[in-house]
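Numbering starts at 1 and runs along the sequence shown. Bear in mind the structure is a predicted one, so any value in this text is a computation, not a measurement.
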Amino acid sequence: MDYQPIVGLEIHVELNTKSKMFCSCGNNPNAVIPNSEICPICMGHPGVLPVINEEAVKKTIKTGLALNCQIPKCSKFDRKNYFYPDLPKGYQISQLYQPLCKKGFLEIDSKKIRIREVHLEEDVGRLKHEKDYSLVDFNRAGIPLMELVTEPDLNSAKEARKFAEELQLILRYLDVSDADMEKGQLRVEANISLGEKGKLGTKVEIKNLNSFRAVEKSIDYEIERQTRILKAGKKVIQETRGWLDEATASSRRVAGARVVDELRSSSRVAGARVDDVRGATVSQREKEYAHDYRYFPEPDLPPLHFEKEEIEKIRAEIPELPQQKRERFKREYELDGKSIEVFVQNKELGEYFEKVVSEFEPRLSKEKLSKVIKLATNYLITDLQGLLKGASVSDKNFLITPENFAEFINLIAEEKISSKIAKIVLEEMFKTGADPSHIIQEKGLSLITDEKKVEKVIQKVVAENQKAVSDFKKGKGTALQFLIGQVMAKTKGKAHPEIVKNLLTKILKELK
Ligand SMILES: [Zn+2]
């Protein structure tokens with residue numbers, strides 16, 4: 001029997017608003033002092049009244065629009081009631097019945113993944129577990145939290161990972177969240193079932209996936225686990241499971257003998273340490289249902305109504321999105337897929353690239369323009385990124401202006417400097433921000449194009465390398481390359497390579 005994996009995702013995103021969802025406390029992910037960003041409202045004291053954060057609502061709608069969602073005319077908040085130490089109010093304000101955004105989709109490799117809804121709620125506090133006691137920090141409690149729910153349209157772990165990665169990129173382009181998974185600003189939960197003959201199977205939910213790797217590994221693990229159960233003629237239990245990998249194993253609160261056993265058996269290595277096993281999902285609790293939470297409409301908040309003009313105003317603020325950018329870069333610059341992806345993922349570098357291109361002479365022939373664009377792409381992606389070592393071109397200490405970078409590329413294209421010299425010039429530009437022509441002049445780096453000067457060096461090299469010369473006469477092709485290398489070394493890379501090659505060949509042929 002063949003089982004079809006069916007995966008749906010629930011993704012929580014902390015919005016980067018100035019203040020919290022229902023009070024004026026700061027939304028400061030870098031606050032270091034616990035419980036410094038709290039007030040009676042986010043602490044749920046009796047008699048306080050929450051006020052809806054307009055910026056959070058707009059950012060959620062913006063996200064919904066970018067994901068092709070419908071924005072209903074009316075939206076409401078509800079109370080989700082449960083007790084947990086990280087939830088000071090004893091309930092969480094969320095949206096069950098009338099979310100802000102509905103029925104959208106995101107295309108992943110030309111496949112439409114439907115989005116059921118995007119709604120807005122508030123985050124909970126953080127618990128810190130010590131040996132004999134636990135601590136709670138409420139700085140995070142009340143931070144605007146956007147939840148996105150997909151339909152079960154994904155069919156593999158890879159697809160689910162791609163969806164989450166593309167969503168992160170979109171959130172960053174929209175500037176609605178930093179979406180840093182390590183910081184818990186983007187948290188993924190996956191629902192996995194194995195379908196048979198087009199039917200859905202029993203759904204298992206995996207919680208707390210805090211890296212893209214964990215998303216992919218845990219889904220793969222779960223597909224394998226459920227397949228094993230079904231093949232043995234048993235039933236999959238509907239439950240919530242947690243993912244343990246090397247990152248979460250050490251910080252997880254339910255660590256214990258049983259967990260370690262599961263991890264060990266999953267790695268099939270007896271005596272494996274928790275941090276070098278490949279990870280496993282472990283049972284946490286049986287799945288809860290909406291009715292377990294006694295949802296009811298939030299009485300302290302008015303319903304939200306939207307006019308068409310308001311929605312259109314938000315839509316107009318949506319910038320070019322990653323997929324549009326991919327298509328435009330292909331159309332306008334004819335770059336290869338890999339380079340395009342670098343410029344799409346590294347937005348600042350992509351923007352810098354476009355500024356450099358705009359500095360090229362517009363009257364260049366199509367062929368020449370295509371040449372300088374390719375050169376600029378290569379030098380930005382390999383050499384400049386190498387010098388940046390992970391820093392951004394939008395940093396203040398980055399000194400190379402797009403104008404100077406374009407000039408640098410022109411010098412290479414016009415063969416005024418060799419690729420070897422180019423590296424030296426670029427390093428100097430990176431250090432000082434100086435004009436490339438200026439650097440070349442100052443350091444005497446321009447190519448030697450004077451044939452007489454080159455010939456002198458060649459005569460010397462020929463005299464000193466008689467063996468290579470006789471190898472050349474015997475027809476050994478590598479000998480020529482060797483001799484060219486010697487000439488280049490003697491001129492410190494400054495001899496014009498074409499001239500060297502032509503002159504050397506001529507001189508060698510004339511030798512008897
Ligand atoms: Zn507050």
Just list the side-chain donor-acceptor pairs under 3.5 Å for residues 359-370, sequence neighbours left out, or say none.
unit_1	atom_1	unit_2	atom_2	d
Glu361	OE2	Arg363	NE	3.0
Glu361	OE2	Arg363	NH2	3.0
Ser365	OG	Lys368	N	3.2

Inset, instruction - Calculate, to the nearest 0.5 Å, the distance between atoms CE and CG belonging to Met181 and Asn210 respectively. - result: 6.5 Å

Inset, instruction - Would you mind listing every side chain to side chain donor-acceptor pair (under 3.5 Å) that reaches into residues 56-67, with sequence neighbours excluded? - result: Asn16-Lys59, Glu54-Lys58, Glu55-Lys59

Inset, instruction - Compare all side-chain heavy atoms of Asn410 with those of Val372 and state whether any distance is below 4.5 angstrom. - result: yes

Inset, instruction - List in chain and number order the residues that pass side chain to side chain contact (heavy atoms under 4.5 Å, CB included) with Ala468, two or more places apart in sequence or in another chain; answer none if no residue qualifies. - result: Asn465, Phe482, Leu483

Inset, instruction - Mind checking side chain to side chain contact (heavy atoms under 4.5 Å, CB included) for Ala141 and listing every partner two or more places apart, or none if nothing turns up? - result: Pro88, Phe138

Legend entry - SB check Glu165 Lys162 (cutoff 4.0 Å): no

Legend entry - Any donor-acceptor pair under 3.5 Å from Glu10 side chain to Glu189 backbone: no

Legend entry - CZ on Arg172 to CG on Asp178, rounded to 0.5 Å: 7.5 Å

Inset, instruction - With sequence neighbours excluded, give me every salt bridge (Lys or Arg N to Asp or Glu O under 4.0 Å) pair touching residues 337-350. - result: Arg326-Glu341

Side-chain donor/acceptor pairs under 3.5 Å, residues 145-155, sequence neighbours excluded:
unit_1	atom_1	unit_2	atom_2	d
Glu147	OE1	His12	NE2	3.0
Glu147	OE1	His119	NE2	3.3
Thr150	OG1	Leu9	N	2.9
Glu151	OE1	Arg116	NE	3.4
Glu151	OE1	Arg116	NH2	3.2
Glu151	OE2	Arg116	NE	3.2
Asp153	OD1	Arg114	NH2	2.8
Asp153	OD2	Arg114	N	3.0
Asp153	OD2	Arg114	NE	2.8
Asn155	OD1	Lys111	NZ	2.8
Asn155	ND2	Pro5	O	3.1

Inset, instruction - Would you mind telling me which of Asn53, Val57, Ile143, Leu120 makes a side-chain contact (heavy atoms from CB on, under 4.5 Å) with Leu15? - result: Leu120

Legend entry - Distance-minimising heavy-atom pair for Pro34 and Asp137: CA-OD1, 3.5 Å

Legend entry - For Phe408, all residues meeting ring pair (Phe, Tyr, Trp, His ring centres under 6.0 Å), sequence neighbours excluded: Tyr379, Phe405

Inset, instruction - Describe, in one word, how the ring planes of Tyr333 and Phe353 are oriented to each other, choosing from parallel (under 30°), tilted (30 to 60°) and perpendicular (over 60°). - result: perpendicular

Legend entry - Point-to-point distance, once rounded to the nearest 0.5 Å, from NZ of Lys371 to CD1 of Ile373: 13.5 Å

Legend entry - Check: Ile318 main-chain N/O paired with Tyr173 side-chain donor or acceptor under 3.5 Å: no

Inset, instruction - State which residues pass side chain to side chain contact (heavy atoms under 4.5 Å, CB included) with Glu442; sequence neighbours excluded, sorted by chain then number. - result: His438

Legend entry - Residues that Thr491 engages under side chain to side chain donor-acceptor pair (under 3.5 Å), provided they are two or more places apart: none

Inset, instruction - Using side chain to side chain contact (heavy atoms under 4.5 Å, CB included) as the criterion, list what pairs up with Asn28, not counting sequence neighbours. - result: Asn30, Ala31, Glu37

Legend entry - Electrostatic pair Arg187:Glu14 at N-O distance under 4.0 angstrom: yes

Inset, instruction - Just grab all the salt bridge (Lys or Arg N to Asp or Glu O under 4.0 Å) pairs involving residues 414-432, residues at least two apart or on different chains. - result: Asp383-Lys423, Glu414-Lys416, Glu428-Lys443

Legend entry - Summary of salt bridge (Lys or Arg N to Asp or Glu O under 4.0 Å) pairs that have at least one residue in residues 481-507, sequence neighbours excluded: Glu464-Lys490

